[in-house]
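Here the structure comes first, spelled out in structure tokens, and everything after it is commentary.
Just so you know, these numbers use all the heavy atoms, side chains as well, and skip hydrogens, waters and symmetry mates. A, B, ... follow the sequence lines: proteins, then strands. Residue 1 opens every chain.
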Amino acid sequence: MVVTFWLLDVNSEVKADKPEIWLWGIDKAGKRVLVVDRGFLPYFYAVIEEKADPEKVVEEIESKQFSSISRLDVVDRRFFGKPVKVVKVVCKCTDAVKELAEALRELEGVRDCLEDDIRFTMRYLIDNNIVPCSWHEIEAIEEINSPDAQVDTIYAAKSPPKLLEDTAVPKLRILGFSTIYYSKEGSPKPDRNPVVIVSTATNFSEEKQFFADEEKNDGIVLETFVNYVRKLDPDIIVGYGVNSQHWLYLRERCKRLGLRLYVDRTKTEPHTSVYGHVSVTGRANIDLSDFASEFPEVKVQTLENLADYLDVMKIEKRRIVEDIDFADYWDDKEKRRVLKEFSMDNTRCVMGVAEAILDFAMQLSNLVGLPLDHIGAAAAGFKVEWFLIKNTHKSGELVPKRIEQPYIPYLGGVVLKPESGVHENVAVLDFKSMYPNLMIAYNISPDTYVPLKEPVSPSQVYEAPEVKHRFLKEPAGFYKAVLSYLINVRNEIRSKMKDIPQRSVEYRVLDARQKAVKVIANASYGYAGWTGARWYMKPVAEAASAWGRHIILRTIEMAENEGLKVVYGDTDSIFAENEPEKIRKLSKEIAELFRLEISLDKVYVRILFTEAKKRYGGLLPDGRLDIVGLEVMRGDWAAVAKKAQERVLEIVLKEQSPQKAVEFVQQFIRELRRRQVPYRDLIIWKTLTKPAEEYAVKASHVEAAKMLRKKGWELAVGDKVGYVVVVGAGHLYERVKPYMFASYSEVDVEYYVTKQVVPAAARILESFNVKEETLLESKRIEKENKRLTDYFNG
DNA sequence: GCGTTCAATGTACCT
DNA sequence: ACAGGTACATTGAACGCG
């Protein structure tokens, strides 16, 4: 019979020494199915030396009588674009692959073995063109002696599945959860601290909570939670921080209590796997924190901040309970109610954030080919790499081994020094997807690169300026193929979206798709220059950036020849006077000369450049401010400074009154000195980028982290530390405290005046010759106004 | 011994 | 564990000074 299913998860098993692929999915009728494919064997390639005879090599291998070899085939492949003869070594089991490849590498006539490092499940998906989060059909028969799996039907495959066109997403059961641990000794530890609350919610509005008893016994929490999950049988489980923390915590708790955390579909426990994701067999376990980086505007990426940003649940409308207070809240009968509600709200946030992210995650999984539960956990470089592996496989290109490469820096984009001060009516022109388009236009790719010593006629190659790297004009390299596809597909999607109502399901899915496509296209240049990449090739990245410099510099020349004054530019953009006719002419010239598209991105009514590069603020026609690089945009400045600077910019750009801005700052400082600003606006957040001991110099956030650790609150590398500056003597790092350990009365407000608000405000006002001292003068208002009036009137 | 100078360190941003 | 280019605050050693 033919089974049609949407692929949710995949894993491999070994039964009686034979490898099996298990495909978990949902069929057209909404039944949960497991398809077991026993017809696929692992393999790798032995690359034959150029002068060797492939048949001789096969004979040589055969003579060794390796028992784990199933068969040998001589086939044609390509390696970095060059045709090679390889022996496809098919193995009887997955365990044998590594060992066998190691042995064959030593054989005469074998140059190297490749693709022995491709995981079996990914091998199966790629070879059979099977795509996670897509529909497939397969010839299969219902299993008689079924393995124990929590699905409606189990099938045995009779042939590999076939990918279908259908892009619809089936109705899935989604479960979200969050936990509260009880600890009076700092960071909760599973060997001593119980889980007192688990809150769950589903995408069909079912909310549940599981609580520990009065003695804080959590066996009941874990047992009832596990039973609930099994009964509900979700396809997707979502949480925040579940990969790095919660699954392991719950599992450890279960172990101590003699329980099993059987929340999957086969009675195994959640286990950490590739890229640090936690696998729950038969379901897709998704950690939303893995997707938080898609929202760089959110500087401190906690669940509540993300939910606030995505309009899931506003922070002002919530009662937040800090971790350090969990135990106190649990112990107090009245407060326990608040803690329970806080926990339930966390799970509601999980569900809301999941709704904003899941479409994107599915599209990314679908595009890249990594299973849904892997895709978030995989770093950007690995996403690009799997996308490339999947797409190069089709053209017979072999996947290089990952080898450690020395890091050799190279030149990047051009950044112009801005014409500091205020400019009116400024147009921003930029090259759309500059690096991908350069790689397409000049066929820059690992498989088209012509090494220095290789003779080739100049007419056959594109030669990058300055660096002189050469790439064949023909045939198209795989970057060109793949990037053209991505750019075309994105354009098609975006034009399709124009004809669809924005609230429709279809629009949302298309939007998620175009975002996924954009992520991969944008990361491909960086991938080429990443020393960890399998296809790392410095000349590829270096040629792209060299072409980029060449083109932006020619563009500036041409603009100026046109009579357009360029006031700033960075990598792929130029800022110039907004003269539509001249701009149109310029765009046309660029298109003809370089076969690249430059477009009018936006126009600023008024823009202010500081003396520095990469820092400016502009007023858009709709009245919004566009602020770039300045303190307002930074997560490591106190909110007081950011708010003051933003208001100063607004006054200066909209009302064009530096005087009024000065008065605002002076008033703001008075309020700050009276401690009338919220305490939370004084918190400074900085990332711990390495273990506290490894810092070469003393640093405020590290000292704050050490204070937290002394009280049992451990921070991991990558965590953000929130601290405030308090009164006292000595270095700055000696005068900081974690924000939850300090009280407002001990805060050193003068620090915030002189080192936060004043510098941030002065950054803008220095364009108007306002000095920091002026901002710090606090005379009576009338007197001040007069003095300023006199000052600005000269 | 103490203030000044400046390279080094550290973080976060822009494209 | 995608690239290079850049700004900026703070630290701490070197320096100058009877």
Quick check on ring-ring contact (aromatic ring centres under 6.0 Å, His included): which of A/Tyr527, A/Trp530, A/Phe478 does A/Trp535 satisfy it with? A/Phe478
Between A/Pro759 and A/Lys698, name the one whose nearest nucleotide on DNA chain C is closer to the 5' end. A/Pro759
Between C/dA9 (P) and A/His731 (NE2): distance, integer Å: 17 Å
Would you kindly say whether A/Tyr695 and A/Thr689 are connected by a side-chain donor-acceptor distance under 3.5 Å? yes
Could you state the OH-C1' distance from A/Tyr525 to C/dG4, rounded to the nearest angstrom? 6 Å
Is the shortest side-chain N/O distance from A/Tyr407 to OP1 or OP2 of C/dC2 below 4.0 Å? no
A/Lys614 side-chain N/O to B/dC13 phosphate OP1/OP2 under 4.0 Å: no
Kindly state whether the ring of A/Phe594 and the ring of A/Phe431 have centres lying under 6.0 angstrom apart. no
So, OP1 or OP2 of C/dC2: does either fall under 4.0 Å of a side-chain N or O from A/Arg534? no
Would you mind classifying the nucleic acid contact of A/Phe387 as base, sugar-phosphate or nothing, using non-hydrogen atoms under 4.0 angstrom? nothing
Please list all pairs meeting salt bridge (Lys or Arg N to Asp or Glu O under 4.0 Å) that have one or both residues in residues 476-487 of chain A, counting only residues at least two apart or in different chains. none
Can you tell me how far the CG atom of A/Asn285 sits from the CG atom of A/Asp373, to the nearest 0.5 Å? 7.0 Å
Counting primed atoms, P, OP1 and OP2 as sugar-phosphate and everything else as base, the B/S/- map of nucleotides 1-10 of chain B against protein heavy atoms under 4.0 Å is --------SS
Assign the ring pair A/Trp547 / A/His550 to parallel, tilted or perpendicular, where the plane angle (0 to 90°) is split at 30° and 60°. perpendicular
Shortest side-chain distance from A/Asp636, nucleotide among C/dT6, B/dA12, C/dC8: B/dA12
A/Tyr568 OH to C/dT6 P, straight-line distance once rounded to whole Å: 9 Å
Does OP1 or OP2 of C/dA7 have a side-chain N or O of A/Tyr616 closer than 4.0 Å? no
I need the CZ-C1' distance between A/Arg402 and C/dC2, as an integer number of Å. 12 Å
With the side chain of A/Arg615 defined as its heavy atoms from C-beta on, choose the nearest nucleotide among C/dA9, C/dA7, C/dT10. C/dA7
Partner of A/Glu631 under side-chain hydrogen bond (donor to acceptor under 3.5 Å, both in side chains), chosen from A/Gln756, A/Arg763, A/Lys642: A/Arg763
What does the inter-axis angle of the helix from B/dG1-C/dC17 to B/dT15-C/dA3 come out as, five pairs per end, nearest 10 degrees? 20°
N/O (side chain, A/Lys720) to phosphate O (OP1/OP2, B/dA12) under 4.0 Å: yes
Does a side chain donor of either A/Tyr604 or A/Asp626 reach within less than 3.5 Å of an acceptor in the other side chain? yes
Do A/His277 and A/Tyr275 meet the criterion of a side-chain donor-acceptor pair at a distance under 3.5 Å? no
Nearest to the side chain of A/Asp570, heavy atoms from C-beta on, is which of C/dG4, B/dT15, B/dT11? B/dT15
